[in-house]
Amino acid sequence: MEYMTRSSTNQVGGTNSKHGCGHFQMPLHYPRYTKTDYEAMPEWRLDCLLKEYGLPIMGDVQQKRKFAMGAFLWPH
C-alpha cells in the first residue's frame with residue numbers, strides 16, 4: 001500500500017504554517033460557557049476569547065458580553 005506524505009508548505013504562502021504569521025486557525029473546541037459565565041466573565045477574558053475565534057473586540061464590556069453570548073450561546 002502506498003502512502004502519501006504531506007509537504008511542510010501550505011498552498012497560499014509556501015511556508016510552514018508553524019512559522020508563518022498573520023493567519024487564522026480555528027480553535028479545536030467550541031466554548032462551553034453558560035450565560036451566567038459570560039455575565040461574570042472579566043473583560044480581559046472576553047477579549048481573549050473573542051480574539052481566539054477571530055471576532056471583533058470593540059465596545060465596552062457589556063457590548064462584548066452581549067456579542068459573545070450572541071455568537072456562542074445557542075437557544076434550546
Side-chain angles (χ1 to χ4, degrees):
M1 180 177 243
E2 289 184 45
Y3 292 96
M4 295 181 68
T5 60
R6 297 184 98 176
S7 171
S8 65
T9 61
N10 64 27
Q11 296 295 325
V12 177
T15 60
N16 190 333
S17 62
K18 289 181 184 178
H19 303 293
C21 185
H23 68 279
F24 173 74
Q25 182 176 351
M26 180 60 113
L28 295 176
H29 302 287
Y30 195 78
R32 294 185 178 174
Y33 297 111
T34 64
K35 182 178 180 182
T36 305
D37 293 334
Y38 286 112
E39 290 170 343
M41 193 175 286
E43 186 172 11
W44 68 267
R45 182 64 187 118
L46 285 166
D47 289 347
C48 290
L49 180 66
L50 295 172
K51 183 178 179 184
E52 183 178 359
Y53 284 86
L55 298 170
I57 307 170
M58 298 183 303
D60 63 16
V61 68
Q62 291 302 326
Q63 291 170 324
K64 292 175 188 179
R65 281 191 178 114
K66 184 177 178 181
F67 185 84
M69 286 188 278
F72 297 123
L73 293 178
W74 293 22
H76 291 86

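Note that the numbering runs from 1 along the sequence shown for the chain.
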Practice problem: Scan residues 54-64 for pairs that pass salt bridge (Lys or Arg N to Asp or Glu O under 4.0 Å), counting only residues two or more places apart or in two chains. | Solution: E43-K64, D47-K64
Quiz item: Are W44 and I57 co-members of a hydrophobic cluster defined by side-chain heavy atoms under 4.5 Å apart?
Solution: no
Exercise. Kindly write out the residues that satisfy ring pair (Phe, Tyr, Trp, His ring centres under 6.0 Å) with Y38, not counting sequence neighbours, or none if the list is empty.
Key: Y33
Exercise. Taking all non-hydrogen atoms of both residues into account, name the closest pair between P31 and F72 and its distance.
Key: CG-CD2, 3.4 Å
Quiz item: Who pairs with T34 by side-chain contact (heavy atoms from CB on, under 4.5 Å), at least two apart in sequence or on another chain?
Solution: T36, D37
Exercise. Would you give the length of the straight line joining atom CG of L46 to atom CE of M69, rounded to the nearest 0.5 angstrom?
Key: 8.5 Å
Exercise. Over all heavy atoms of both residues, which pair between L55 and A71 is shortest? Give the atoms and the distance, please.
Key: CD1-CB, 4.3 Å
Quiz item: With side chains defined as the heavy atoms from C-beta onward, is the minimum distance between Q63 and M58 less than 4.5 Å?
Solution: no
Quiz item: At what distance, to the nearest 0.5 angstrom, does CG of L73 lie from CZ of R32?
Solution: 13.5 Å
Quiz item: If you round to the nearest 0.5 Å, how far is CZ of F67 from CG of L49?
Solution: 10.5 Å
